[in-house]
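What follows is a single structure, written as structure tokens, with notes after it.
Read the numbers this way: they start at 1 and go in the same order the structure lists the ligands and their atoms.
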Amino acid sequence: MDERRNIPATDQLLDDPPVAAAIERFGRERVKRTVLAAQHRARNGEIAAADVIDEVRANLPRESGGLRRTINATGVLLHTNLGRARLSEAAVRALHESAGTCDVELDPETGQRGRRAASVRRSLLEAVPAAADAHVVNNGAAALSLAATALAAGGEIVLARGEMVEIGDGFRIPELLESTGARLREVGTTNRVNIDDYRAAVGPDTGLVLKVHPSNFVISGFTSTVEVGQLAELDAPVVVDIGSGLLTAHENLPDEPDANSVLTAGADLVTASGDKLLGGPQAGLLLGDERITAALRAHPMARALRVDKLTLAALYATLNGPATPTARALRRDRAESERRAEAIAEKLSAAGVPAAAEASSATVGGGGAPGVTLPSAAVALPEHYARTLRGADPPVLSRVEHGRCLVDLFALDPADDAELTTAILAAGSPCPDPGGGGRG
Ligand SMILES: *Cc1c(COP(=O)(O)O)cnc(C)c1O
């Protein structure tokens, strides 16, 4: 009972400066709901009366649509927890332009209904000359589902045991495939598969032969896989899930498959994500044979996986605009990153923060280039800074390594350095509590 009497009054909570600021933007009614909910939780004993004000502040509506902008200083370029690829400036402008009403499905000549996504399709075909056609869905998993459903439901998907991949957060490609009503026909062993294994498995029930890029692990030692060129000789459509979405070969990622090379090697269809190495919005790309893409488009499921105008606009801008932040990062050279880290460390040191620049190794993350490290540089701080920086505004996500907090510059452009420095300085004195930003 005593505890309940300590719950702050509604008027007192509404006068709290951050709460009052939220009222100006979102209105009193909306903010009051947050206040009442926090008081309710305290009355139920779910939170302490003393924590009500923090609960209210944490749950105030936000201008950014409920998501908080976060600085990715983890050294993981495509961090799934941080929204993977950062959109290009051109893509952000395109989102803004298309947010209202736009001609997403209108033929300007006739004023009648036009083909949806025609300009994105054209751009993809220009970027991937080996593709006869292209179709876009909501994400990589949707692309795979649509291909499996349209080509193999009721039949079999032939897949090597070494390519039965779990992507992350419990998402397992074999389970997704089976959920479409297709049966999996596993071939080979964990470490080895050969073309005869495939030959023996392919038959009248085969809907497709699938090759999946092991995008987050490597198997080394006594191994063998079958190249796309050999699979193409089988009497079944060959679908390759390249995952990471490189459209053409990238010199800094020589082992990463790309759509154009895989199609040139003989694949009938390639599936890929839009928000990994392509550096665009979340999307699933299907590139390849025209008869197959026509079957995909005609399938009723295509409508359920259809992308919205915002995705189409951002994807078009990604494909046609200047280098994306992802592309710029992949070409970053260590000497330049080290100069940036030194300049930041100097400013921090001058303000009494124990910071030092050092060389660092970044990774692609987000299901791409497993085992590959990319040259980077970081500002090293005492480990307990990791937690302090997560509380900065905007939050800075770092990486804890060997008992230190590394603020890695790989995923950041030089233009971000000033904001990063300001956020670190404003984060205030660190609270000595371990726990880092982590990898992955
Ligand atoms: C990431 C990935 C997927 C899933 O793509 P989403 O866009 O996350 O749905 C599927 N296959 C592979 C090989 C991947 O790397």
Provide the number and element of each atom of ligand 1 under 4.0 Å from a heavy atom of [X].
{"X": "Gly243", "value": "12 (C), 13 (C), 14 (C), 15 (O)"}
{"X": "Phe171", "value": "4 (C)"}
{"X": "His213", "value": "13 (C)"}
{"X": "Ser215", "value": "13 (C), 14 (C), 15 (O)"}

Kindly check if the number of other-residue, nucleotide or ligand heavy atoms within 6.0 Å of CZ (Arg30) is above 12?
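Correct, the count exceeds 12.
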Ignoring hydrogens and geometry, is there a side-chain-to-backbone donor-acceptor pair from [X] to [Y] under 3.5 Å?
{"X": "Gln282", "Y": "Asn138", "answer": "yes"}
{"X": "Thr206", "Y": "Gly203", "answer": "yes"}
{"X": "Ser261", "Y": "Asp258", "answer": "no"}

Specify the protein heavy atom at minimum distance from [atom]: its residue, its atom name, and the distance to 0.1 Å.
{"atom": "atom 11 (N) of ligand 1", "answer": "Asp241 OD2, 2.5 Å"}
{"atom": "atom 1 (C) of ligand 1", "answer": "Lys276 NZ, 1.4 Å"}
{"atom": "atom 9 (O) of ligand 1", "answer": "Ala141 N, 2.8 Å"}
{"atom": "atom 5 (O) of ligand 1", "answer": "Ser273 OG, 3.0 Å"}

Does some side-chain heavy atom of His250 sit less than 4.5 Å from a side-chain heavy atom of Leu277?
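Result no, sub-4.5 Å side-chain heavy-atom pair not found.
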Identify the heavy atoms of [X] and [Y] that sit nearest to each other, and give their distance.
{"X": "Leu287", "Y": "Ala259", "answer": "CD1-CB, 3.8 Å"}
{"X": "Val400", "Y": "Ala386", "answer": "CG2-CB, 3.7 Å"}
{"X": "Ala141", "Y": "Phe171", "answer": "CB-CZ, 3.7 Å"}
{"X": "Ser361", "Y": "Arg334", "answer": "OG-NH2, 4.0 Å"}

For ligand 1, is there an atom lying under 4.0 Å from some heavy atom of Ile167?
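Per 4.0 Å heavy-atom rule, Ile167 contacts ligand 1.
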Contact between ligand 1 and Lys211 is defined here as a heavy atom of the residue under 4.0 Å from a ligand atom; is it met?
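Flag not set, Lys211 not near ligand 1.
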Below 3.5 Å, N or O to N or O, backbone or side chain included: is there any such pair between [X] and ligand 1?
{"X": "Arg84", "answer": "yes"}
{"X": "Asp275", "answer": "no"}
{"X": "Gly140", "answer": "yes"}

Hey, is Ile173 touching ligand 1 through its side chain, its backbone, both or neither, going by heavy atoms under 4.0 Å?
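The answer is the side chain of Ile173.
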